[in-house]
Amino acid sequence: MLKVGVPWWIDPEWFDRFPSGIEIERIEAAPARSIPVEFWIAPVLPRDAAQALPHLDGLKVVQSLYAGVDWLLQMLPPGLTLCDAQGLHNIPTAEWTVAAILAVLKHFPFYFDLQHAGDWRRRREADAHYRAMYPDAPPSLPPVLQEELSGKRVMIVGYGSIGRSIEERLLPFGVDIIRVARTGRDDVESISRLLDLLPLADIVVLIVPLTPETTGMIGERELAAMKQGALLVNAARGPVVRTDALLAALESRRIRAVVDVTDPEPLPQGHPLWTAPNLFITPHVAASSNMFLPRAIDFAAGQIARYIKGEPLVNIVTGHY
Ligand SMILES: NC(=O)c1ccc[n+]([C@@H]2O[C@H](COP(=O)([O-])OP(=O)(O)OC[C@H]3O[C@@H](n4cnc5c(N)ncnc54)[C@H](OP(=O)(O)O)[C@@H]3O)[C@@H](O)[C@H]2O)c1
């Protein structure tokens, strides 16, 4: 009988979604004994995974519940099969991206501050913020109290599973899209053209995996190539953007940014990013919706069913099966 390890925090009430003919072992965060497990649904916290891994005996397949497996790949011994959860985060991460873009264009962070201050009249300051980013904008009455997404050109850097979902949700807003991936193909630009393309975009969305090539992909040169007042959206991983360069670009009022991920992460108290101008931060929450667990369990259940039947697994990152 196949022994499947699941993180301790998965409630047994979900187990009836798994195929029959398996033995489920709930793996504690720091097991005190060796546990026979052939197929492991890895925990989502790196520390939990690192503590459990040495205690798993006979392990062959590791199923991540995350699309990004950079952290997990680093800790696995060679010879194991690792599958990621590509596709599982498409909906929440794409929705976060649209919400984040609209929140900035509609100046929601500023208006939320006003709400807390109980101050309606200061809403006119939004116009001053707008003019600080766009010094060449013509004078306007009534003042500019929000901006429109319609008509903007959005560059999606990382036209994979989530990138396509972002595009699908942005198109109804009437935007132009520039798609960028590692390799160029029909209607998708190659990353080698990044510096030529950046000046064309009003909004630059990063949704690439963290790899040696993408680490520091957006630095001083790239930020300088962006349009004055353009919006950088990092839904990928913190180190894709160089923090020192981002801080300098924000402080000089060159660009605006909204980030779900930072470098370092967690962002320590007192870090200058917390108070950088024109920056809206969410603390790495984009993929973590209320629908995550049922979707993840169903996906893992499908993989276990394939494994039992000897069918090829999907989303293999390394190894075979
Ligand atoms: N903020 C969050 O909570 C959150 C949630 C989910 C995922 N993520 C991050 O988002 C990443 C993407 O997820 P996904 O499911 O969309 O992955 P995916 O389907 O594998 O797509 C990745 C895309 O990135 C492109 N890419 C890879 N290396 C590149 C490079 N050096 N330059 C330019 N483009 C490059 C790939 O290009 P090719 O098509 O040419 O291979 C592909 O289009 C994950 O790895 C994870 O780090 C973050």
Side-chain angles (χ1 to χ4, degrees), residues 42 44-46 63-74 82-101 103 154-170 177-198 201 204-219 221-222 225 232-242 257-267 280-293 295-296 299 314-318:
V44 293
L45 293 180
Q63 176 63 59
S64 164
L65 295 179
Y66 281 163
V69 290
D70 42 281
W71 58 281
L72 196 48
L73 201 50
Q74 287 165 12
L82 171 66
C83 300
D84 70 18
Q86 189 197 61
L88 229 62
H89 307 305
N90 291 2
I91 293 173
T93 311
E95 287 186 358
W96 177 91
T97 302
V98 175
I101 291 170
V154 184
M155 183 156 110
I156 301 176
V157 183
Y159 192 65
S161 192
I162 300 173
R164 285 190 291 275
S165 295
I166 292 171
E167 177 184 66
E168 202 183 315
R169 282 159 181 79
L170 282 176
I177 304 271
I178 305 173
R179 306 161 180 149
V180 180
R182 186 172 28 194
T183 40
R185 43 196 182 261
D186 280 353
D187 298 330
V188 181
E189 303 282 354
S190 157
I191 193 65
S192 60
R193 296 209 53 225
L194 184 66
L195 279 176
D196 301 330
L197 297 169
L198 280 168
V204 176
V205 176
L206 306 174
I207 189 67
V208 287
L210 183 65
T211 65
E213 293 74 40
T214 62
T215 301
M217 172 192 265
I218 302 294
R221 205 174 44 152
E222 290 73 22
L232 179 72
V233 182
N234 190 0
R237 287 286 185 265
V240 172
V241 179
R242 290 204 33 197
V258 51
V259 300
D260 186 49
V261 287
T262 58
D263 180 22
E265 200 172 295
L267 199 58
F280 181 22
I281 302 173
T282 61
H284 206 147
V285 298
S288 309
S289 83
N290 57 318
M291 291 309 294
F292 169 73
L293 196 55
R295 200 176 281 130
F299 179 75
V314 297
N315 289 14
I316 293 181
V317 177
T318 181

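Every number for a ligand or one of its atoms is a count from 1 in the order of the listing. For clarity, every value in this text was computed on a predicted model and none was experimentally measured.
You'll find the side chain of L72 stays beyond 4.5 Å of the side chain of Y66, heavy atoms only.
When the side chain to side chain donor-acceptor pair (under 3.5 Å) test is applied to R179, the partners found at least two apart in sequence or on another chain are Y159, E167.
Listed for the E189 side chain is no donor-acceptor partner under 3.5 Å among the backbone atoms of G184. A donor-acceptor pair under 3.5 Å is formed between the side chain of N315 and the backbone N or O of D84.
Contacts classified as side-chain hydrogen bond (donor to acceptor under 3.5 Å, both in side chains) and involving residues 284-293 (residues at least two apart or in different chains) are given here: E265-H284.
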Identify all pairs of nitrogen or oxygen atoms, one from ligand 1 and one from the protein, separated by less than 3.5 Å, and list them with distances.
{"unit_1": "ligand 1", "atom_1": "1 (N)", "unit_2": "A235", "atom_2": "O", "d": "2.9"}
{"unit_1": "ligand 1", "atom_1": "1 (N)", "unit_2": "D260", "atom_2": "OD2", "d": "3.0"}
{"unit_1": "ligand 1", "atom_1": "3 (O)", "unit_2": "H284", "atom_2": "NE2", "d": "3.4"}
{"unit_1": "ligand 1", "atom_1": "16 (O)", "unit_2": "S161", "atom_2": "N", "d": "3.3"}
{"unit_1": "ligand 1", "atom_1": "16 (O)", "unit_2": "I162", "atom_2": "N", "d": "2.8"}
{"unit_1": "ligand 1", "atom_1": "19 (O)", "unit_2": "Q86", "atom_2": "NE2", "d": "2.6"}
{"unit_1": "ligand 1", "atom_1": "19 (O)", "unit_2": "S161", "atom_2": "N", "d": "2.8"}
{"unit_1": "ligand 1", "atom_1": "20 (O)", "unit_2": "Q86", "atom_2": "NE2", "d": "3.1"}
{"unit_1": "ligand 1", "atom_1": "34 (N)", "unit_2": "R182", "atom_2": "N", "d": "3.1"}
{"unit_1": "ligand 1", "atom_1": "37 (O)", "unit_2": "R182", "atom_2": "N", "d": "3.1"}
{"unit_1": "ligand 1", "atom_1": "39 (O)", "unit_2": "R185", "atom_2": "NH1", "d": "3.4"}
{"unit_1": "ligand 1", "atom_1": "39 (O)", "unit_2": "R185", "atom_2": "NH2", "d": "3.0"}
{"unit_1": "ligand 1", "atom_1": "40 (O)", "unit_2": "R182", "atom_2": "N", "d": "3.2"}
{"unit_1": "ligand 1", "atom_1": "40 (O)", "unit_2": "T183", "atom_2": "N", "d": "3.1"}
{"unit_1": "ligand 1", "atom_1": "40 (O)", "unit_2": "T183", "atom_2": "OG1", "d": "2.9"}
{"unit_1": "ligand 1", "atom_1": "40 (O)", "unit_2": "R185", "atom_2": "NH1", "d": "3.1"}
{"unit_1": "ligand 1", "atom_1": "41 (O)", "unit_2": "R182", "atom_2": "NE", "d": "3.4"}
{"unit_1": "ligand 1", "atom_1": "41 (O)", "unit_2": "R182", "atom_2": "NH2", "d": "2.6"}
{"unit_1": "ligand 1", "atom_1": "43 (O)", "unit_2": "Y159", "atom_2": "N", "d": "3.2"}
{"unit_1": "ligand 1", "atom_1": "43 (O)", "unit_2": "Y159", "atom_2": "O", "d": "3.2"}
{"unit_1": "ligand 1", "atom_1": "43 (O)", "unit_2": "G160", "atom_2": "N", "d": "3.1"}

For residues 91-98, dump all side-chain donor-acceptor pairs below 3.5 Å to protein atoms at least two apart in sequence or in another chain.
{"unit_1": "T93", "atom_1": "OG1", "unit_2": "H89", "atom_2": "O", "d": "2.8"}
{"unit_1": "W96", "atom_1": "NE1", "unit_2": "T282", "atom_2": "OG1", "d": "3.1"}
{"unit_1": "T97", "atom_1": "OG1", "unit_2": "T93", "atom_2": "O", "d": "2.8"}

